[in-house]
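Written below as structure tokens is the structure these notes are about.
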Amino acid sequence: MKKIQVLFHDAGGGHRNAVVALQTVISQQNRGWKVELVQFQELTDRLDVLRKLTGIRIQEQYNTLLRNGWTLGATQLLRVLQATIWIFHKPLVNLLAQYFRRNDGDLLVSVIPHFNREIAEAWELAHPGKPFATLITDIADFPPHFWIEQAANQYVICGSEKAVEQGRAIGKDAAHIFQTSGMILRPDFYLPENLDPVALREQLGLRPDVATGMLLFGGFGSKVMMKIVEKLEAAKLPLQLIVICGRNEKLAEAFRARKWNLGLHVLGFTKEVHRLMRGADFLIGKPGPGSVAEAMMRKLPVILECNAWTLPQERYNTEWVKEKKVGIVLENFGEIVGGVKQMLEPRALEEFRHNVERLENRAVFEVPEIFAKLLGETPRPD
């Protein structure tokens, strides 16, 4: 049985979601591989400088920033983090190489940014010639030293034409670049869905005949969601909303404690996003790659914002939305009323929907075939 080790962490939710989705699909396909998920933060805890200083792990600090919207200046913080990683480059490589020597495998996969230079060097020291691949869980890279490195032994798996171009620009040849048709999504999003959107709205206590938006700001929600709903209610638009607050129960309770004239269905964390999206006409959210990809899969145009507070690695996502003409990008959510009015224009909504319909994302089924190729196995027939 061949063994694939997958390095991930819990900064945000997209990295874990991607590896769990892949593990599920590989199991369903009876590939005969052992897929071992390795929490990178736990592996490198004793070299976590921020934890030594503050008592809080890097991934926990990142999630706190997201939860509170403290993302202004994120580019500078990111470069400080990368400089710190470089200072600890040799100790990190030695630590990782020791782990890889104790834990052999046939293929190493990274779904985390920032550390791929160290991971590539350590894997080559421990297991020369064995393949190492970085699965990019953003629509594009944010160079330098975010996802794609000059390491000769690094293969990159890209979900967009832009990421492929970035791989070529850094010197990767065609043999070291694989392109998928999009971002990794949970297999749930591919299940046949016969649920009538009208019936779903009625189940949620919403009106079947009113335009419905979904508010989704990742697994930790965002305080800006309250401001968005307040503005939309004040505008008295013919609209109702499905509001998903994620693990931010305080925010969910604040929504439930108020009396709204605007029709709302409020949820906390849920694994039913794929089903709930069937009841919406469009999505309002942050430009995270997972949220955008999920909306595209459920044929929902999006309303996003992009400004100095937007995480630098997510800014290209808004460019992608504009290039594909699948949604509206606002300078900030203070303009949300105008954005929703534009979205609800019948001709505009029809065009957005048409463009979304043209997209097809099969990445979660394509990546196992890439793994098979890296393992030297014969591709399976379609």
Side-chain angles (χ1 to χ4, degrees), residues 17 21 182-183 185-219 221 225 228-229 231-233 235-246 252 255-256 260-304 321 324-328 333 336-337 339-362 364:
N17 289 344
M183 298 290 98
L185 293 176
R186 297 198 320 270
D188 297 351
F189 280 86
Y190 296 89
L191 293 174
E193 184 61 81
N194 300 317
L195 186 60
D196 178 20
V198 169
L200 176 57
R201 290 177 189 178
E202 290 177 335
Q203 287 178 23
L204 300 178
L206 300 173
R207 290 177 55 182
D209 58 341
V210 174
T212 306
M214 173 177 281
L215 257 68
L216 179 62
F217 281 72
M225 296 168 71
I228 289 172
V229 176
K231 286 183 176 294
L232 292 175
E233 177 168 63
K236 298 181 179 178
L237 298 180
L239 179 71
Q240 57 192 2
L241 297 168
I242 301 168
V243 180
I244 301 179
C245 299
F255 270 113
R256 295 184 184 117
W260 302 93
N261 294 318
L262 188 71
L264 293 186
H265 181 81
V266 180
L267 300 99
F269 178 76
T270 175
K271 293 184 178 180
E272 297 295 311
V273 171
H274 63 287
R275 187 179 70 89
L276 294 165
M277 281 184 167
R278 288 281 295 173
D281 295 301
F282 61 93
L283 180 137
I284 303 170
K286 74 183 191 75
S291 297
V292 172
E294 289 172 358
M296 297 300 101
M297 194 67 194
R298 281 307 189 201
K299 309 307 177 188
L300 299 182
V302 295
I303 301 178
L304 313 173
V321 164
K324 301 295 183 182
K325 298 180 181 178
V326 292
I328 296 165
F333 282 121
I336 189 61
V337 173
V340 170
K341 285 181 178 178
Q342 183 182 344
M343 179 64 73
L344 294 180
E345 285 279 341
R347 290 180 63 182
L349 186 57
E350 182 181 355
E351 181 181 354
F352 287 138
R353 283 174 171 165
H354 173 72
N355 293 334
V356 174
E357 287 282 350
R358 294 168 59 187
L359 300 176
E360 184 177 7
N361 177 5
R362 302 282 299 172
V364 75

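Counting only residues at least two apart or on different chains, the salt bridge (Lys or Arg N to Asp or Glu O under 4.0 Å) pairs with a member in residues 263-272 are Glu272-Arg275. Applying the salt bridge (Lys or Arg N to Asp or Glu O under 4.0 Å) test to every pair with at least one member in residues 347-357, sequence neighbours left out, gives these pairs: Asp281-Arg353.
Closest of all the heavy-atom pairs between Leu359 and Lys299 is O-NZ, 3.2 Å. The two residues Leu304 and Pro287 have their closest heavy-atom pair at CD1-CB, 4.0 Å. Nearest heavy atoms, Ser291 versus Gly218: OG-N, 4.3 Å. When all heavy atoms of Phe282 and Leu300 are compared, the pair lying nearest together is N-CD2, 4.1 Å. Pairing each heavy atom of Ile244 with each of Gly268, the nearest pair is CG2-O, 3.7 Å. Residues Gly285 and Phe333 come closest through the heavy atom pair O-CZ, 3.4 Å.
Around atom NZ of Lys231, no more than 12 heavy atoms belonging to other residues, nucleotides or ligands sit under 6.0 Å away.
Taking the side chain as every heavy atom from C-beta outward, Ile228 and Phe217 approach each other to under 4.5 Å. At a threshold of 4.5 Å between non-hydrogen side-chain atoms, the residues Met296 and Val302 count as touching. Side-chain atoms of Leu195 and Gln203, non-hydrogen and from C-beta on, do get closer than 4.5 Å to each other. Using a 4.5 Å heavy-atom cutoff, the side chains of Arg298 and Leu283 are not in contact.
At distances below 3.5 Å, at least one donor-acceptor pair connects side-chain atoms of Glu233 with backbone N or O atoms of Asn261. A distance-only check finds a donor-acceptor pair linking the side chain of Asn361 to the backbone of Met183 [under 3.5 Å].
Rounding to the nearest 0.5 Å places CZ of Phe255 at 8.5 Å from CG of Leu241. Note that CG of Leu215 and CG of Leu232 are 7.5 Å apart. Values are rounded to the nearest 0.5 Å. Here the CE atom belonging to Met225 is positioned 12.0 Å from the NZ atom belonging to Lys286, to the nearest 0.5 angstrom.
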Under the side chain to side chain contact (heavy atoms under 4.5 Å, CB included) criterion, do Leu185 and Glu294 qualify, and how do the steps go?
CA-CA 7 Å; Leu185 293 176; Glu294 289 172 358; 3.6 Å; yes
Step-by-step side chain to side chain contact (heavy atoms under 4.5 Å, CB included) determination, Leu237 to Leu262: CA-CA 9 Å; Leu237 298 180; Leu262 188 71; 6.0 Å; no
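In this structure, the ring-ring contact (aromatic ring centres under 6.0 Å, His included) partners of Tyr190, at least two apart in sequence or on a different chain, are Phe365. Judged as a salt bridge (Lys or Arg N to Asp or Glu O under 4.0 Å), and not counting sequence neighbours, the contacts of Asp188 are Arg186. Every residue two or more places apart in sequence or in another chain that forms a side-chain contact (heavy atoms from CB on, under 4.5 Å) with Ala21 is listed here: Ile184, Pro187, Val364.
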Side-chain donor-acceptor distances from residues 204-214 under 3.5 Å, at least two apart:
from, atom 1, to, atom 2, distance (Å)
Arg207, NE, Asp209, OD1, 3.3
Arg207, NH2, Asp209, OD2, 3.3
Thr212, OG1, Arg201, NE, 3.2
Thr212, OG1, Val210, O, 3.0
Thr212, OG1, Gln240, NE2, 3.0

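Of the listed residues (Val340, Ile328, Val243), just one forms a side-chain contact (heavy atoms from CB on, under 4.5 Å) with Ile284, and that residue is Val340.
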